[in-house]
Amino acid sequence: MLAGMAKDDAPAGSRVDEAKAVLDRNWTGVSTIPAGGLYPHQWNWDTGFIAVGRSWFEQERAEAELLHLFEGQWADGRVPHIVFNPRVPADAYFPGADVWRSDEVAAAPSAVRTSGITQPPVHAATALAMLVHAEDRSRARGFLDELFPHLVAQHRYLKEHRREPGGLAWIVHPWESGLDNSPAWDEALNAIEIPGGALPPYRRRDLATSDARDRPSDRDYDRFVYLLTLYRDGGYDDARMRERSPLVVEDPMFNGIWARSAWALAEIARMTGEDGDEFAEDAKAIATALQERLWDDRASRFFPLDLVSGSHMNHHSIVSFLPLTSPDLDPKVARRAAEALRNFRHCSDPVCRLAPSYDELEGGYDRRRYWRGPVWANTNWLLAHGCDFHGHPTVARELRDTIVRFVDALGFREYYDPHGEAGYGAHDFSWTAALYLDVVLGREAGLFDRRGLSGGSS
Ligand code: 2M8
C-alpha cells in the first residue's frame, strides 16, 4: 500500500539519482528506449517526455535524441510513432519494421526504418522546456534553430493531411492516441468487422516480456494489426484512410496537445526571429474547435468524436481533460474541466490519487490493464502544466504530488494502481523517470504554479 513517504521514510523526491540512472541504462547511443524488453526502439511522444527530463542534466543527449527522432520524419512532415533501431533483432518487437515496411514508401526516409502512424505532437513544447533547463543557453538557441523547420513540417502535416473542415485533427489508430487500450476506443474498435483473410498471421511479442493481465486482449490486438495493414496497404495515404478506415476519431487529448504545440511553435518562432502568426492563429483555432466540437456542457468535459458513426464517444477517460493543455481554452471552460478532473477518481479510498486513466465507476475499468484505469505519469504531468497555466495550482500540485509519491513508494514503473497498491507494466520506464526528474527539479528551481506550459519560456 502506498504510504505518504518514500521507501525507508526517505524525504519525498529523493530518487533523483536513480531516475538519472534509469535514463542512462535505457540510452542506446542515439536515443532512449522506453524500457528494456517490451519497447526496444525509439518512440515518438516518449522521446518528447524523456528529453524534458534528460535536459536537466544532459543537454547534449536530450538534443541528440530529439534530433534522432526527427531523422525518421517523412517528406510529408509526419513524425512516425516508432523509429526502429537496426541493431535490434527483427523479432524483438511486434509489429516491427518488416511489418510497417516504410522502406517501400517514397515519402519515408531512406536512412532509417519507421512505422507509418504518428503520436501526439508534444515536441515543440519539449523544445521550449529544454531551453529553460539548458546550462548552455546559446547552444540551446542553436538547437531551436535546427529543430524549428522540423516542428513546422510536423505541424503542417497535421494541418494539411489530417485536419477535418471543423478544425481538428483525426487519428486512424488507437496507437496514434498514445492511450492505445483505453475503453474510450472500445466501441469503435468492437464495431470493426475484419474481412476474412484480411488479417495476416502474426505472433504477439509483448506477452513474452510482460504479464498478459497488463496488456490488451487478443481481440483488440487483431484490430490494431488490421488497421495497420489497411493504412500500409493503401500506401499510408491519408485521404484514402479518412474515407475507408473503420476508425477515424477526433481525440480531445491529441488535439489539446496539438494546440499546445502550435502555441509553443509561435513562441519558438518569436525567439528565432521567424514569423509565428500562423501558429498563434492555429493554436487559437484548435482551441475554438475543441470547444465547438468536443465540449460537453453537461458533463463538463470533452468527449472524442467518432467520425465514422458521427457520434461522440461518451466514456469517462482521461482524454476528456487533456484539452486543458491548450493555452487558448476559454478560462470558464478550463475552470469547469479542472473541477471535473479533481472529482474524476470516484474513489472512497483516501489514498486514491489523481488521475486515473479511466473512471473507476465506469464499465470497462480495470485497475491494472494498461490505459484502462491505472495512473500514468505523463498524463498527470501534462494536466499539471495545463492546470497551472489556467490558474488552478492546487490541482496541478496534487497531480505532481501523485507522480512523486508513486515513484518514491513503488519505483519507476510504466503505470500504477490508482489505489497505490502496486506498480505495473515495464520496470525502469523512461518517461516515468524523466517526468519525476522534471517535477522534483522543477519544484526545486521554483518553475511551477502559473509560470506557463514550459515552466517559463524565454
Ligand atoms: C504503448 O504503445 C505501444 C504501441 O505504440 C505498445 O503497446 O506496444 C503506449 O503506452 C504508448 O503510448 C507508448 O508510446 C508506447 C511506448 O512506451 O507503449
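Counting convention: from 1, in listed order, for ligands and their atoms alike.
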Considering distance alone, does some N or O of [X] sit under 3.5 Å from an N or O of ligand 1?
X: Tyr221; answer: no
X: Trp376; answer: no
X: Trp431; answer: no

* Structure fact -> Value for CH2 (Trp45) from CD1 (Ile257), rounded to nearest 0.5 Å, stands at 5.5 Å
* Asked: At what distance, to the nearest 0.5 angstrom, does CG of Leu228 lie from CG of Leu199?
  -> 10.5 Å
* For the pair Thr432 (side chain) and Arg413 (backbone), establish whether a donor and an acceptor sit closer than 3.5 Å, ignoring hydrogens and angles. => yes
What is the closest protein heavy atom to [atom], and at what distance does it sit?
atom: atom 1 (C) of ligand 1; answer: Asp180 OD2, 3.4 Å
atom: atom 13 (C) of ligand 1; answer: Asp46 OD1, 3.6 Å
atom: atom 12 (O) of ligand 1; answer: Gly178 O, 2.6 Å

* To do: Output all residues satisfying side-chain hydrogen bond (donor to acceptor under 3.5 Å, both in side chains) with Trp295, sequence neighbours left out; order by chain, then residue number.
  => Asp297
By number and element, which atoms of ligand 1 are closer than 4.0 Å to a non-hydrogen atom of [X]?
X: Trp45; result: 11 (C), 12 (O), 13 (C), 14 (O)
X: Trp371; result: 9 (C), 10 (O)
X: Phe429; result: 17 (O)
X: Arg215; result: 6 (C), 7 (O), 8 (O)
X: Pro34; result: 16 (C), 17 (O)

* **Residue that, paired with His150, satisfies side chain to side chain donor-acceptor pair (under 3.5 Å) out of His155, His123, Gln73** => Gln73
* Asked: Do Glu421 and Arg367 sit within salt-bridge range, that is, some charged N less than 4.0 Å from a carboxylate O?
  -> yes
* To do: Would you mind checking if Arg369 and Asp211 are paired as a salt bridge, meaning a charged N to carboxylate O distance below 4.0 Å?
  => no
* Asked: Relative to atom 4 (C) of ligand 1, which among Tyr39, Tyr93, Phe224 owns the nearest non-hydrogen atom?
  -> Tyr93
* ring pair (Phe, Tyr, Trp, His ring centres under 6.0 Å) against Tyr436, all qualifying residues, sequence neighbours excluded -> Phe412
